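Computed from a predicted structure; not experimentally measured. Below, read A as the first sequence line, B as the second, and so on, with proteins coming before strands; counting in each chain starts at 1. Only heavy atoms go into these numbers, but all of them, side chains included; no hydrogens, no water, no symmetry mates.
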2 protein chains.
Amino acid sequence: MSNPDAATPRERYRAQVREEIKKHAWEQIAAAGASALSLNAIAKQIGMSGPALYRYFASRDELITELIRDAYRSLADAFRARAAAGADLAALAHTLREWALADPQRYFLLYGTPVPGYQAPEDTTRIASQIMAVLLDACAAGPLPDTPPSPIQAHLDDHRAWADQHPAPPSALHRALLFWTRLHGALSLELAGHFTGMGFDPARLYAAETESLTGR
Amino acid sequence: MSNPDAATPRERYRAQVREEIKKHAWEQIAAAGASALSLNAIAKQIGMSGPALYRYFASRDELITELIRDAYRSLADAFRARAAAGADLAALAHTLREWALADPQRYFLLYGTPVPGYQAPEDTTRIASQIMAVLLDACAAGPLPDTPPSPIQAHLDDHRAWADQHPAPPSALHRALLFWTRLHGALSLELAGHFTGMGFDPARLYAAETESLTGR
DNA sequence: AGCAGTTGGTTAGAAGGTATCACGAAGGCG
DNA sequence: CGCCTTCGTGATACCTTCTAACCAACTGCT
C-alpha cells in the first residue's frame with residue numbers, strides 16, 4: 001500500500017493534489033511563517049473552494065505535522081548524503097547552515113517556538129534520532145581530543161539512552177550534543193535577525209563555533 | 001508626562017486597566033503561546049466586551065509589542081540587579097536560565113520564531129543593547145583567558161559597532177557573543193522540549209556550557 | 001453494459017477571531 | 001452648571017477553521 005506510482009489512478013491523483021497543497025503551504029510558510037498558514041488561501045490558489053482541502057488533510061494541524069515530517073526527512077537526507085560522501089563534522093555543520101538558510105521558516109518549524117499543547121508524533125522523533133545517529137557517527141569517527149574526563153561526560157555516559165545503542169565514547173556523546181546546541185544557538189539567532197545591524201558577519205561566528213567543535 | 005501615580009484619576013484608571021489586560025495576556029501566553037493570544041478572550045475575562053480593549057491597545061500587534069518591551073525590561077532588570085550585586089559571568093548565566101524557566105513562552109517571545117514581517121520598535125533594540133552592555137562589563141571584568149588571537153576576534157574587533165563604544169578587548173567581545181549564542185542554544189532546545197525523553201539532565205549541560213565560557 | 005459504492009467537489013452555516021463604526025453614558029474641568 | 005473628552009456598548013464587515021448536506025463523477029463488480 002501507498003506504493004508511489006504503481007497505485008491506482010485515484011491514489012496517484014490524490015498524492016498529486018496533496019503534493020500541490022504542500023507546495024503552496026511551504027510558499028506561505030516561507031513568506032509569513034507557519035502561524036500565518038491559511039487553508040482557505042491555499043485552496044483559492046489551487047483553484048478549489050475551502051472545505052475541499054479537508055478531503056486531503058483532516059485539519060490544519062495535520063497538514064503542519066506532515067510538513068514537519070517532510071522537513072525532518074529533508075534535513076536527515078541532507079545529512080545522510082553528506083555523511084555517505086565521507087563528510088566530517090565541519091562539513092555537517094556547513095550542511096546544517098546551508099539547509100537552514102535555504103528556508104529559515106522551515107528551520108523554525110523544527111527548532112523554533114513550540115506550541116505548548118502540541119505533541120510530536122512518534123515517527124518524527126524517530127527521524128530526529130536518525131539525524132542524531134549520523135551526528136554520532138561523525139563525532140566518533142573524528143580524532144577525539146584528549147580532554148580530561150569532565151563531569152558532564154560522565155553524566156552523559158550514565159544516561160545514554162538517547163544515543164540509541166550507539167557505541168560512541170562519552171566524549172563523542174558530548175561533542176554531538178554541543179554540535180547541536182552551539183550551532184543551533186548561533187544559527188537560530190542569526191535567522192531570527194538578532195544579529196542584523198550588529199555589523200559582524202554571522203558566517204564567521206558560525207565558522208568559529210564549528211572550529212570549537214572540531215578542535216581546530 | 002506618563003508620571004506613574006501623580007497623574008489625573010483618568011490616567012491612573014487607564015494605566016490600571018492596561019496593566020490588567022497585560023496580566024491576562026501573560027496568562028494566556030504562558031498557557032498556549034503568543035500565537036494563541038486572543039483579545040476577545042481577555043475582554044471576556046476582564047468583564048467587558050470585545051471592542052472595548054481597542055481603547056487601550058490599538059491592535060493585537062501593539063499589545064504584543066508592549067509585552068515584548070516589558071519582557072526585555074524584565075530581563076534587563078534581572079541582569080542589572082545581579083550585576084549590581086557583583087555577579088560574575090556564571091551568575092549571569094544562572095540568572096538567564098532562571099528567568100527563562102520562570103516563563104518559557106516569555107523567553108520565546110524575545111528569542112523564538114520571528115514573524116517575517118515584524119519590525120521591532122527602536123526602543124526594544126535599545127533595551128537589548130543595555131543587556132549586552134551588562135554582559136560586556138562582566139566579560140571584561142573576569143579573568144581573560146590567554147587564548148591565541150583568533151580570526152573571529154580580529155573580525156569582531158573590526159566590527160565593534162554593536163558594542164556601543166564599550167571599551168572591552170576583542171576576547172571579551174567574543175566571550176559575550178558566545179555567552180549569548182551558546183546559552184541560548186542549550187536553553188532554547190531545553191525549553192522547546194527537544195531534550196525530553198533523552199534522559200540526561202539539561203541543567204548539567206547548561207552548567208557545562210557555562211564553564212566553557214568562564215574558562216572553568 | 002449497467003448498477004452500486006466510494007470519492008471529490010460544491011454551497012451553506014456554525015463558532016470564533018480582529019477591527020471599525022456609531023451611539024449613549026459617565027466622568028473631569030473650566 | 002454645562003461642555004467635552006473618554007469609556008463601553010452593540011452592530012457590522014471580513015477573516016479564519018471546520019462540519020454538514022448534497023451532487024457529480026469515477027471505480028469496480030456482477
Side-chain angles (χ1 to χ4, degrees), chain A residues 1-3 5-25 27-29 31-68 109 115-118, chain B residues 1-3 5-29 31-68 115-118:
Chain A
M1 69 173 85
S2 93
N3 196 345
D5 31 31
T8 72
R10 264 240 159 103
E11 283 176 358
R12 234 176 338 177
Y13 176 74
R14 183 177 179 79
Q16 198 173 325
V17 175
R18 277 177 68 104
E19 278 311 307
E20 192 173 351
I21 292 173
K22 291 202 277 186
K23 190 190 79 183
H24 287 95
E27 289 171 2
Q28 281 195 15
I29 287 179
S35 64
L37 188 146
S38 158
L39 293 190
N40 253 333
I42 294 176
K44 241 163 245 166
Q45 286 177 339
I46 291 185
M48 48 186 188
S49 222
L53 287 204
Y54 288 83
R55 299 284 179 190
Y56 298 94
F57 294 96
S59 70
R60 183 177 179 273
D61 270 14
E62 197 195 275
L63 171 58
I64 292 185
T65 297
E66 181 68 22
L67 296 176
I68 291 176
L109 199 58
V115 177
Y118 184 79
Chain B
M1 65 174 87
S2 93
N3 195 344
D5 31 32
T8 73
R10 266 248 160 95
E11 283 177 358
R12 236 179 334 180
Y13 175 73
R14 182 175 180 79
Q16 199 172 325
V17 175
R18 276 178 69 102
E19 277 313 306
E20 192 174 350
I21 292 172
K22 291 201 277 184
K23 190 190 79 182
H24 286 95
W26 279 121
E27 289 171 3
Q28 281 195 15
I29 287 179
S35 64
L37 188 145
S38 158
L39 294 189
N40 253 332
I42 294 176
K44 240 164 247 167
Q45 286 177 340
I46 291 184
M48 50 185 185
S49 220
L53 286 206
Y54 288 82
R55 299 283 178 192
Y56 299 93
F57 294 95
S59 70
R60 184 176 178 273
D61 270 15
E62 197 194 274
L63 171 57
I64 292 184
T65 298
E66 181 68 23
L67 296 177
I68 291 175
V115 178
Y118 184 77

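Atom CZ in Phe57(A) sits 7.0 Å away from atom CG in Leu67(A) (nearest 0.5 Å).
The closest side-chain heavy-atom distance from Val17(B) to Met48(B) is below 4.5 Å. Using a 4.5 Å cut-off on side-chain heavy atoms (C-beta onward), Leu37(B) and Ile42(B) make contact. Taking 4.5 Å as the limit, some side-chain heavy atom of Glu27(A) sits within range of a side-chain heavy atom of His24(A).
Phe57(A) has its CZ atom 17 Å from the C1' atom of dT7(C), to the nearest Å. Remark: C1' of dT11(C) and CG of Asn40(A) are 13 Å apart, rounded to the nearest angstrom. Straight-line distance from the CZ atom of Arg12(A) to the P atom of dT7(C): 17 Å, rounded to whole Å. When rounded to the nearest whole Å, the span between CZ of Arg14(A) and P of dT6(C) equals 15 Å. With rounding to whole Å, Tyr13(A) atom OH is found 15 Å from dT6(C) atom C1'.
Interface limits on DNA chain D: the 5'-most and 3'-most nucleotides within less than 4.0 Å of chain B heavy atoms are dT5(D) to dA11(D).
The existence of a salt bridge linking Glu19(A) and Lys22(A) is confirmed by a sub-4.0 Å separation between a basic side-chain nitrogen and an acidic carboxylate oxygen.
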Report each atom pair, protein N/O against N/O of nucleotides 22-26 of chain C, whose distance is under 3.5 angstrom.
none

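Residue Tyr56(B) is in sugar-phosphate contact alone, with no base atom involved, counting any heavy-atom pair closer than 4.0 Å across all strands shown.
Remark: Met48(A), Ser49(A), Pro51(A), Ala52(A) in residues 42-52 of chain A come within less than 4.0 Å of DNA chain C through at least one heavy atom.
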